[in-house]
Participant: 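The structure that follows is given in the form of structure tokens.
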Protein chains: 2
Amino acid sequence: MSVGHTGVTTPAATTPVVSCAEECGVRDVQDRLGDKWTVHVVVELAAGVRRFRELQRLVPGISQRMLTLTLRRLERDGLVTRTGYPTVPAQVEYELTGSGHSMTHLIKALVDWSLDHRGAIAEARAAYDARGRGGGA
Amino acid sequence: MSVGHTGVTTPAATTPVVSCAEECGVRDVQDRLGDKWTVHVVVELAAGVRRFRELQRLVPGISQRMLTLTLRRLERDGLVTRTGYPTVPAQVEYELTGSGHSMTHLIKALVDWSLDHRGAIAEARAAYDARGRGGGA
DNA sequence: CCGAATCCGGAAAGATACTG
DNA sequence: CAGTATCTTTCCGGATTCGG
């Protein structure tokens, strides 16, 4: 990693270069992974095909809007497929694609690490929080 | 957050249970990992001890404020240590802790996956984007 | 039943000036 | 050099409503 080049000292000056060759795609994944709902949805979808309402029921506090947005983003990135059946009470099924499934591994890694360090983080936080106004009144 | 108060018709049912036992700590990690700057900073810190200015120089477009916030959050979570020397031109060093270093593995996994799927995602996006207004002209 | 569009409030990012 | 205080702006997320 270590992208290195700050690029600030470019003679052209004031060039707001944002082009970091090797992490262009990383940002996207970060966005998905950092998203509050995406992870939940992917996890639910990992179990199999799900319908819209079903997902909304499965994911605790998600709103209809957020579910739609989340699914659309995932679909756009080719992580899930959307199959709509033109039945009378419209019915749409969502399913993870190959990429989507491989992403679950990443999510697992995230969850594993989190579970592994959750205690330490909680402690560190408590300590930090207490330290803040430790001596003073 | 505040899932509960839709205010109006709350017909006893549809209890907005938010208690997800196995992902309490995950959210925190997600926040850090999903953060635009945190990852960059951690990567730079992975190489060794760094000073404030140094980090700012190393990370392309970050502002003092964002760097400060990012570092403070990391410090709070026990991922980095802050060591300040009371010299005349104040001097502070930041260093990754054990947890911090272990987090780099997670970041690496993230980067690896991203790099591996970046192409597919780009394609999927292009396709999706084109499909949107495909037929017409 | 699915989901698109709209309105709105609050939180976080961002830039800058200023202080120790 | 390091960090805070202040202001601005941007974006996320929820509620609502209309259409297929």
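Bear in mind the structure is a predicted one, so any value in this text is a computation, not a measurement. Chain identifiers are assigned alphabetically (A, B, ...) following the order of the sequence lines, protein sequences preceding nucleic acid strands; residue numbering begins at 1 within each chain. Every heavy atom of this structure was used, including side-chain atoms; hydrogens, water molecules and symmetry mates were not.
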Participant: My understanding is that only residues two or more places apart in sequence, or in another chain, count here; which of them pass side-chain hydrogen bond (donor to acceptor under 3.5 Å, both in side chains) with A:D31?
Facilitator: A:R27
Participant: Applying salt bridge (Lys or Arg N to Asp or Glu O under 4.0 Å) as the test, list every pair that has at least one member in residues 100-110 of chain A; sequence neighbours left out.
Facilitator: A:K108-A:D112
Participant: Could you tell me which residues satisfy side-chain hydrogen bond (donor to acceptor under 3.5 Å, both in side chains) with B:R51, sequence neighbours excluded, listed by chain and number?
Facilitator: none
Participant: Could you work out, with side-chain hydrogen bond (donor to acceptor under 3.5 Å, both in side chains) as the rule, every residue matching B:T38, not counting sequence neighbours?
Facilitator: B:D35
Participant: Take the protein atom CG of A:L67 and the nucleotide atom P of D:dA15, then report the distance between them rounded to whole Å.
Facilitator: 14 Å
Participant: Take atom CG of B:L71 and atom P of D:dA2, then tell me their distance rounded to the nearest Å.
Facilitator: 11 Å
Participant: I would like to know whether B:R82 and B:L71 meet side-chain contact (heavy atoms from CB on, under 4.5 Å); could you show each step before the answer?
Facilitator: CA-CA 9 Å; B:R82 176 186 177 281; B:L71 286 169; over 6 Å; no
Participant: Looking at residues 80-96 of chain B, who's got a heavy atom less than 4.0 Å off DNA chain C?
Facilitator: B:A90
Participant: According to ring pair (Phe, Tyr, Trp, His ring centres under 6.0 Å), does anything in residues 94-126 of chain A pair up with another residue at least two apart or in another chain? List the pairs.
Facilitator: A:W113-A:H117
Participant: Can you name the side-chain hydrogen bond (donor to acceptor under 3.5 Å, both in side chains) partners of A:R73, sequence neighbours left out?
Facilitator: none
Participant: Taking atom P of C:dC1 as reference, at what distance in whole Å does atom CZ of A:F52 sit?
Facilitator: 11 Å
Participant: For B:R50 and D:dC1, give me the distance from atom CZ to atom P, rounded to whole Å.
Facilitator: 16 Å
Participant: Using the test side chain to side chain contact (heavy atoms under 4.5 Å, CB included), find all partners of B:A124 that sit at least two apart in sequence or belong to another chain.
Facilitator: none
Participant: Would you list the protein and nucleotides 7-13 of chain D atom pairs, both N or O, that sit under 3.5 Å from each other?
Facilitator:
{"residue": "D:dG13", "atom": "N7", "partner": "A:R65", "partner atom": "NH2", "Å": "3.3"}

Participant: From CD of A:Q64 over to C1' of D:dG20, roughly how many Å is that when rounded to an integer?
Facilitator: 14 Å
Participant: Provide, to the nearest angstrom, the distance between the CG atom belonging to B:L74 and the P atom belonging to D:dG3.
Facilitator: 13 Å
Participant: Taking CG from A:L55 and P from C:dC1, how many angstroms apart are they, rounded to a whole number?
Facilitator: 14 Å
Participant: Please give me the minimum heavy-atom distance between A:Q56 and A:Q64, naming the atom from each residue.
Facilitator: NE2-N, 3.4 Å
Participant: Give B:T68 one of three labels, base, sugar-phosphate or nothing, depending on what nucleic acid heavy atoms sit under 4.0 Å from its own.
Facilitator: base
